[in-house]
Amino acid sequence: QVQLAESGGGLVQAGGSLRLSCAASGGTASSYAMGWSRQAVGKEREFVAGVPWRGSSTYYADSVKGRFTISRDHAKNTVYLQMNNLKVEDTAVYYCAADPLGLFSTSWSRGTVWGQGTQVTVSS
């Protein structure tokens with residue numbers, strides 16, 4: 001079973017930057033698509049960014065395009081989310097996702113493995 005360990009959340013002022021990391025271990029983690037979703041208080045969890053297990057494609061929610069960048073280090077089984085020009089509305093718990101069925105759009109399959117989440121708070 002794949003396990004995910006997230007790090008990098010915190011408090012930052014609007015316009016600032018943070019980088020989230022998610023390390024995968026166990027199972028066949030290297031063959032999973034990986035990425036991030038987030039959930040703000042009172043809202044449903046939403047897709048943020050993702051990268052398939054191979055190839056150069058990346059997927060982003062419209063709300064983060066041009067500000068967030070996802071990258072993957074296959075040697076370390078780790079995915080990163082560089083978040084720049086953060087806005088108050090980016091405040092949420094960010095969850096790392098690992099999808100065994102791959103990634104072909106801005107949604108995760110039902111079999112997706114989730115991390116425990118890391119809080120990102122952007123102050124005005």
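- Atoms CD and OG, on Gln13 and Ser123 in that order, are 5.0 Å from each other to the nearest 0.5 Å.
- Residues Val122 and Val93 are members of separate hydrophobic clusters, defined by side-chain heavy-atom contacts under 4.5 angstrom among Ile, Leu, Val, Met, Phe, Trp and Tyr.
- Residues Ser63 and Arg38 meet the side-chain proximity criterion, which asks for heavy atoms closer than 4.5 Å.
- Closest approach of Gly111 and Pro100 over heavy atoms only: O-CD, 3.5 Å.
- Rounding to the nearest 0.5 angstrom, the gap separating the CH2 atom in Trp53 from the CG atom in Leu103 is 14.0 Å.
- Annotation: cation-pi pair Arg45/Trp114 present, NZ/CZ under 6.0 Å from the ring centroid and within 45° of its normal.
- Note that CZ of Arg19 is 11.5 Å distant from OG1 of Thr69, once rounded to the nearest 0.5 Å.
- To the nearest 0.5 Å, atom CE of residue Met34 and atom CG of residue Asp73 are 11.0 Å apart.
- Separation of atoms CZ (Phe68) and OG1 (Thr58) is listed at 14.0 Å; rounding is to 0.5 Å.
- Rounding to the nearest 0.5 Å gives a distance of 7.5 Å between OH of Tyr94 and CG of Leu81.
- With a 4.5 Å cut-off on side-chain heavy atoms, Leu101 and Trp108 do not count as touching.
- Formation of a donor-acceptor pair under 3.5 Å by the Glu6 side chain with backbone atoms of Leu20 is not found in this model.
- Using a cut-off of 4.0 Å between Lys/Arg side-chain N and Asp/Glu carboxylate O, Lys87 and Asp90 are scored as not salt-bridged.
- Contact between Trp36 and Ser21 at its shortest, heavy atoms only, is CH2-O, 3.5 Å.
- The two atoms that bring Val79 and Cys96 nearest to each other are CG1-SG, 4.2 Å, heavy atoms only.
- Under the 3.5 Å distance criterion, with hydrogens and angles disregarded, a donor-acceptor pair is assigned to the side chains of Thr121 and Gln119.
- Using a 4.5 Å heavy-atom threshold, the side chains of Met83 and Val48 count as separate.
- When all heavy atoms of Ala33 and Gly102 are compared, the pair lying nearest together is CB-C, 3.6 Å.
- Residues Leu4 and Tyr95 are not in side-chain contact: their nearest non-hydrogen atoms beyond the backbone lie 4.5 Å or more apart.
- Annotation for Gln1: atom CD does not count as buried by contact number, only 12 or fewer foreign heavy atoms lying within 6.0 Å.
- A heavy-atom distance below 4.5 Å is found between the side chains of Tyr59 and Pro52.
- Around atom CD of Gln3, no more than 12 heavy atoms belonging to other residues, nucleotides or ligands sit under 6.0 Å away.
- Contact detail for Ala98 and Val2: the closest heavy-atom pair is CB-CG1, 4.4 Å.
- Under a hydrophobic clustering in which Ile, Leu, Val, Met, Phe, Trp and Tyr are joined whenever their side-chain heavy atoms come within less than 4.5 Å, directly or via other members, Val113 and Ile70 fall into the same cluster.
- Both Val64 and Val12 are assigned to one and the same hydrophobic cluster, defined by single-linkage of ILVMFWY side chains at heavy-atom distances under 4.5 Å.
- Under the 4.5 Å side-chain criterion, counting only non-hydrogen atoms from C-beta, Phe47 is not in contact with Ser107.
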